[in-house]
Number of protein chains: 2
Amino acid sequence: MSEISTQELKKAGLKATLPRIKILEILEQSEMRHLSAEDVYKALLETSEDVGIATVYRVLTQFESAGLVFRHNFEGGHSVFELNEGHHHDHILCIKCGRVDEFLDETIEQRQKIIAREYGYAMTDHSLIIQGICPECQERAKGKE
Amino acid sequence: MSEISTQELKKAGLKATLPRIKILEILEQSEMRHLSAEDVYKALLETSEDVGIATVYRVLTQFESAGLVFRHNFEGGHSVFELNEGHHHDHILCIKCGRVDEFLDETIEQRQKIIAREYGYAMTDHSLIIQGICPECQERAKGKE
DNA sequence: CAGGTAAATGAGAATCTTTTGCATTTCGCT
DNA sequence: AGCGAAATGCAAAAGATTCTCATTTACCTG
Ligand SMILES: [Mn+2]
Ligand SMILES: [Mn+2]
Ligand SMILES: [Zn+2]
Ligand SMILES: [Zn+2]
């Protein structure tokens, strides 16, 4: 079953080592789409794989360079990673419970390109995060009010 | 001259202490609009004020709570602060030289509100950063090519 | 399939940014 | 001037990430 992961790694130009295979599978199989290095490390511990946290950081950074994952800075302090499944999207986060939703708005995407051009920048990337309170957390707040 | 700063602090509900006055003046007088805690600390050293880095962090956080400054997470790792001068704006950053430009796009602002509503979120904030290569850095690259 | 080699790893130390604990100082108000 | 609460400086601590280096592993060759 790790054959598929092995192929993906090779295709990305990475040696198919045990830690890399395991980490890739965790990213693919986790029900959370956005995982911190610590999240990945904890998941590894549960598979009883003896992988160090330093390797988790190294591998995630390599995955990013290889285009296998995206790194996001949702909250100051630590990065989260998610598999690159080909479709760009932005994020909307609940500041109460941490829920993450994803969206893509073509109007915004276009405006960004126009703005970059106006300022003479060659746009390489962008990061848009909407923060708010999710429907559930709004209900919860209403309840105990 | 620090009278004005003293007033601003009092109005914001903060005791007008020497460190707070100095830090506010640095934010007001710096030619850089976006300063890290370390930047502020270095500027303080040059005024030969004996302020600890811990106080810099504490004061900047208080200024943020008081609405005097905004905190941004431009690059993973550290926050930058800028005076709140009343107008919200987003940022476009050069990944080569660190230059920061500011913009405001009403179309994007509106779309964000609509998206939050679509997902049922009560939007509290948002952060949009366009990354790219500024005109000067594009020229520089062209030159040595 | 053994052997060699460069690349990858684990453990812990190191780094970097930010926060915290605590003794001491300062501010704002009599 | 004097009091009490709030603020500060310093050093230690914390949290996230990177680095060092001895050891192991993946992959190529014969
Ligand atoms: Mn996502
Ligand atoms: Mn700005
Ligand atoms: Zn929520
Ligand atoms: Zn530039």
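Each chain gets a letter, A, B and so on, in the order its sequence line appears, and its residues count up from 1.
- The side chain of B:K15 sits closest to D:dA5 out of D:dA5, D:dT25, D:dT18.
- Listed nucleotides C:dT17, C:dT9, D:dC10 differ in distance to B:H78; the shortest reach to its side chain belongs to C:dT17.
- Only one option out of A:R33, A:H88, A:H87 pairs with A:E102 in a side-chain hydrogen bond (donor to acceptor under 3.5 Å, both in side chains); it is A:R33.
- Aromatic rings from A:F103 and A:H89 are positioned such that their centres are separated by 6.0 Å or more.
- When each of A:A54 and B:L14 is assigned the nucleotide of DNA chain C with its nearest heavy atom, A:A54 is the one assigned upstream, toward the 5' end.
- When rounded to the nearest whole Å, the span between OH of A:Y57 and P of C:dT9 equals 16 Å.
- Distance CD (B:E64) to C1' (C:dT18): 13 Å, rounded to an integer number of Å.
- Between the CD atom of A:E38 and the C1' atom of D:dA16 there is a distance of 9 Å, given to the nearest Å.
- Atom OH in B:Y41 sits roughly 15 Å away from atom P in D:dT8 (whole-Å rounding).
- Nearest nucleotide to the side chain of A:R58, out of D:dT20, C:dC27, D:dG9: D:dT20.
- Of the possible polar contacts, one joining the B:R20 side chain to the B:K15 backbone as a donor-acceptor pair under 3.5 Å is found.
- If you take CZ of A:R20 and P of C:dA7, they are 12 Å apart, rounded to a whole angstrom.
- Spacing between atom CD1 of A:I53 and atom P of D:dA14 amounts to 18 Å, rounded to whole angstrom units.
- Here the P atom of nucleotide C:dT18 and the CG atom of B:N73 are 9 Å apart, to the nearest Å.
- Within the structure, every side-chain polar atom (N or O) of B:T17 is placed at least 4.0 Å from both OP1 and OP2 of D:dA6.
- At whole-Å resolution of the value, NZ in A:K10 and C1' in D:dC27 are 8 Å apart.
- Side-chain atoms of A:E28 never come within 3.5 Å of backbone atoms of A:I23 as a donor-acceptor pair (strictly under, hydrogens ignored).
- Ranking C:dT18, D:dT17, C:dA8 by closeness to the A:S79 side chain, first place goes to D:dT17.
- Between B:H91 and B:F74, the distance separating the two ring centers is shorter than 6.0 angstrom.
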